[in-house]
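See structure below.
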Amino acid sequence: MTAMTDEIVQYSGPERVFSGVQPTGNLHLGNYLGALKKFVTLQDSHDCLFCVVDLHAITMPYDAGQMKNNTRQIAAAFLAAGLKPDRAVIFAQSSVSAHTELCWYFNCVARMGWLERMTQFKDKAGKDKERASVGIFDYPVLQAADILAYKATHVPVGEDQKQHLELSRDIADRFNREFNAPGFFPLPEPLIKGPGARIMSLKDGSKKMSKSDPSDLSRINLTDDADTMARKIKKAKTDPEPLPASMDELSERPEARNLVGIYAALKGCEDQAVLDEFSGQGFGAFKPALAEVVIESLAPVTKQYNEWLAEPDAIDEVLAKGGEQAAAIANPVVAEVRDIIGFWRKG
Ligand code: AMP
Ligand code: TRP
């Protein structure tokens, strides 16, 4: 290895967007607002790659017999949300070997201390760290490889991925310095801000809406029918107070704030605009209005999702073509990385 350089040379390559979603369980309103909806907007302005991260999914117990279909389901959700295969590359992570190869190189750049600080590892490993897989520890390094194999500059994700994105930046920066390759990798920027970055559980305003919450009433799934969505909103936890005139007054009312946030995110307006319309009214009036907006926004997505799922061959075609396009971008990057690291190759 050569001496570290302090020279700051900015990455000057083209802008590119990358994001990934794990093929684990049903997608919900949080995934839709925090991720999918943003992906769809970005495909019009940027080169984009959207990946079903199946390699990440095997870091936790999973069912091998279900994996293929789970991957197709996420691809179907991407397509149903409005991603177009002629505008964005849609593919499965395991079909492009550059991810695992670059992950190994990054394993030798990342530091144990950096990974030990990752809150998601601490949450997932639980109390018994000794029994956690090495894969779950290494998860964020693979995530950095996903992004940097494409020299992606922007990564749309929900708030929960902020720390992982900081690690990706640290790995890119350290690689550039350690191998004296200033500006080789971009320092990828998270795109988190905006409505829907952190949608909370319908049952507890202090917990994020999650695939893994044991209560199905805590989330709106993209597969729920209209009646189920309406029933879940009706049963959502709230308080007896009417909606106030300003968001400041909702600071101690997390459930109410969450519902207002969902309404605003789906309508594409500010939270304040929702209060301007509903202040003084109770949840008896607000919840049916919210249910209507949720159903109106998600019904077309659910419909298209089911239509795609009925055509697994069409999904496979999208994934196969996407895999080839992705490999064509990532393989030359990884070949350059091998040269930078200094490996032998036939001259
Ligand atoms: P995951 O289901 O954990 O693979 O997440 C897929 C994407 O959805 C990631 O970008 C997450 O940050 C985002 N996401 C997951 N849960 C939420 C939530 N409750 N609110 C907003 N975004 C979320
Ligand atoms: N860790 C992300 C999540 O749980 C999924 C992911 C894997 C990802 N690789 C990525 C997101 C690269 C953005 C970019 O949601």
Side-chain angles (χ1 to χ4, degrees), residues 16-39 42 48-60 62 70-71 73-74 77-78 81 89 91-94 96 98-100 102-103 106 118-121 123-124 135-136 138-169 171-172 186 188-213 218-222 254 258 261-262 265-266 326 330:
R16 185 173 279 145
V17 169
F18 182 99
S19 195
V21 177
Q22 293 197 58
T24 45
N26 269 332
L27 291 185
H28 52 69
L29 184 63
N31 301 125
Y32 179 69
L33 291 172
L36 303 192
K37 202 162 180 273
K38 289 189 209 156
F39 298 175
L42 284 161
C48 292
L49 295 112
F50 298 112
C51 181
V52 185
V53 290
D54 48 3
L55 297 169
H56 279 105
I58 65 168
T59 58
M60 294 295 270
Y62 76 101
N70 291 348
T71 296
Q73 276 174 18
I74 300 298
F78 283 175
V89 177
F91 72 107
Q93 187 187 25
S94 63
V96 180
H99 295 245
T100 42
L102 191 57
C103 178
F106 285 170
M118 294 293 116
T119 52
Q120 199 171 81
F121 168 69
D123 289 349
K124 284 195 177 167
I136 196 71
D138 205 31
Y139 180 112
V141 180
L142 179 60
Q143 183 161 346
D146 295 341
I147 298 165
L148 294 166
Y150 303 92
K151 296 194 175 181
T153 53
H154 294 87
V155 184
V157 280
E159 177 80 35
D160 58 351
Q161 294 301 309
K162 198 167 172 218
Q163 201 187 27
H164 286 166
L165 259 292
E166 276 158 19
L167 187 92
S168 296
R169 292 169 66 87
I171 290 177
E189 278 184 40
L191 300 175
I192 294 175
K193 287 203 186 65
R198 192 166 166 80
I199 301 297
M200 310 310 281
S201 155
L202 298 181
K203 287 281 149 204
D204 178 349
S206 67
K207 286 201 311 200
K208 69 168 190 171
M209 187 176 283
S210 160
K211 289 171 183 170
S212 55
D213 194 309
S218 71
R219 63 186 160 257
I220 308 263
N221 302 306
L222 291 190
N258 187 40
I262 292 173
L266 288 170

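In this chain, numbering begins with 1 at the start of the sequence shown. Indexing begins at 1, ligand by ligand and atom by atom, following the structure's order.
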Under 3.5 Å, is there a donor-acceptor pair between the Asp160 and Gln120 side chains? no
State, with a plain yes or no, whether a side-chain heavy atom of Tyr32 is found less than 4.5 Å away from one of Ile220. no
So CG of Leu148 and NE2 of His99: to nearest 0.5 Å the spacing works out to 11.0 Å
Per-atom filter on ligand 1: closer than 4.0 angstrom to a heavy atom of Gln22 are 4 (O)
Which one of Ala152, Gly20, Ser19 has a non-hydrogen atom at the shortest distance from atom 5 (C) of ligand 2? Gly20
Evaluating non-hydrogen atoms only, which member of His99, Gln161, His56 is closest to atom 2 (C) of ligand 2? Gln161
Ligand 1 versus Gln161: contacting region, heavy-atom distance under 4.0 Å: side chain
Region of Val157 that comes within reach of ligand 2 [heavy atoms, distance under 4.0 Å]: side chain
Any side-chain heavy atom of Lys211 sitting closer than 4.5 Å to one from Asn31? yes
Could you tell me which non-hydrogen atom of Leu167 sits nearest to which non-hydrogen atom of Met118, and how far apart they are? CD1-CE, 3.8 Å
Going by the atom numbers of ligand 2, which of them fall below 4.0 Å from some non-hydrogen atom of Gln22? 4 (O)
Quick one: look up the protein heavy atom nearest atom 9 (N) of ligand 2 and list residue, atom name and how far away it is. Asp146 OD2, 2.7 Å
Quick test: of every protein heavy atom, which one is nearest to atom 4 (O) of ligand 2, and how far off is it to 0.1 Å? Tyr139 OH, 3.0 Å
Could you name the option among Leu36, Val21, Asp160 that has the heavy atom nearest to atom 11 (C) of ligand 1? Asp160
Within the structure provided, determine whether Phe18 and Cys51 are in side-chain contact (heavy-atom separation under 4.5 Å). yes
When you measure from atom 5 (O) of ligand 1 to every protein heavy atom, which one gives the shortest distance, and what is it? Asn31 ND2, 3.4 Å
Between the main-chain N or O of Gly158 and the side-chain N or O of Lys38, is there a donor-acceptor pair closer than 3.5 Å? no
Nitrogen or oxygen of Glu159 less than 3.5 angstrom from that of ligand 1: no
Ligand 1 N/O within reach of Gly30 N/O, cut-off under 3.5 Å: yes
Met209 neighbourhood, listing ligand 1 atoms whose heavy-atom distance to it stays under 4.0 Å: 16 (N), 18 (C), 19 (N)
Quick check on contacts: which atoms of ligand 1 are under 4.0 angstrom from a heavy atom of Gly196? 21 (C)
Check: Ser19 side chain, Pro156 main-chain N or O, donor-acceptor pair, under 3.5 Å: yes
Minimum-distance protein heavy atom relative to atom 20 (N) of ligand 1: Ile199 N, 2.9 Å
Close side-chain approach of Leu27 to Gln73, heavy-atom, < 4.5 Å: no
Validation row: Phe78, Val52 side chains within 4.5 angstrom (heavy atoms): yes
Counting each atom of ligand 1 from 1 as listed, which ones have a heavy atom of His28 under 4.0 Å away? 16 (N)
Does any part of the side chain of Lys203, heavy atoms only, come nearer than 4.5 Å to the side chain of Arg219, both counted from C-beta? no
For Val155, the ligand 2 atoms with a heavy-atom partner under 4.0 Å come out as 13 (C), 14 (C)
Any N or O of Leu27 that comes nearer than 3.5 Å to an N or O of ligand 1? no
Between Gly158 and ligand 1, is there a nitrogen or oxygen pair with a distance under 3.5 Å? yes
Any side-chain heavy atom of Leu42 sitting closer than 4.5 Å to one from Leu191? yes
Here the atoms of ligand 1 under 4.0 Å from any heavy atom belonging to Gly34 are 21 (C), 22 (N)
Short list, please: which atoms of ligand 1 are under 4.0 Å from a heavy atom of Ala197? 20 (N), 21 (C), 22 (N)
Number the atoms of ligand 1 from 1 as they appear, then name those within less than 4.0 Å of a heavy atom of Ala35, with their elements. 7 (C), 8 (O), 10 (O)
Lys211, any N or O under 3.5 Å of ligand 1 N or O: yes
Who passes side chain to side chain contact (heavy atoms under 4.5 Å, CB included) against Arg16, sequence neighbours left out? Asp47, Leu49, Tyr150, Ile329
Atom 8 (C) of ligand 2 [closest protein heavy-atom partner, distance rounded to 0.1 Å]: Gln143 NE2, 3.5 Å
Identify the two heavy atoms, one from Arg198 and one from Asn258, that lie closest to each other, and give their separation to 0.1 Å. O-OD1, 4.5 Å
Any protein heavy atom at under 4.0 Å, with atom 3 (O) of ligand 1 as the reference point? no
Of the backbone atoms (N, CA, C, O) and the side-chain heavy atoms from C-beta on, which set of Ile147 has a member under 4.0 Å from an atom of ligand 2: side chain, backbone, both, or neither? side chain
With a 4.5 Å heavy-atom cut-off, do Tyr62 and Asp54 have their side chains touching? no
Scanning both residues in full, the closest heavy-atom pair of Thr119 with Gln163 reads N-OE1, 2.8 Å
The answer for which part of Ser19 has a heavy atom under 4.0 Å from ligand 1 is neither
Atoms in ligand 1 flagged as close to Arg198, the criterion being non-hydrogen separation under 4.0 Å: 20 (N), 21 (C)
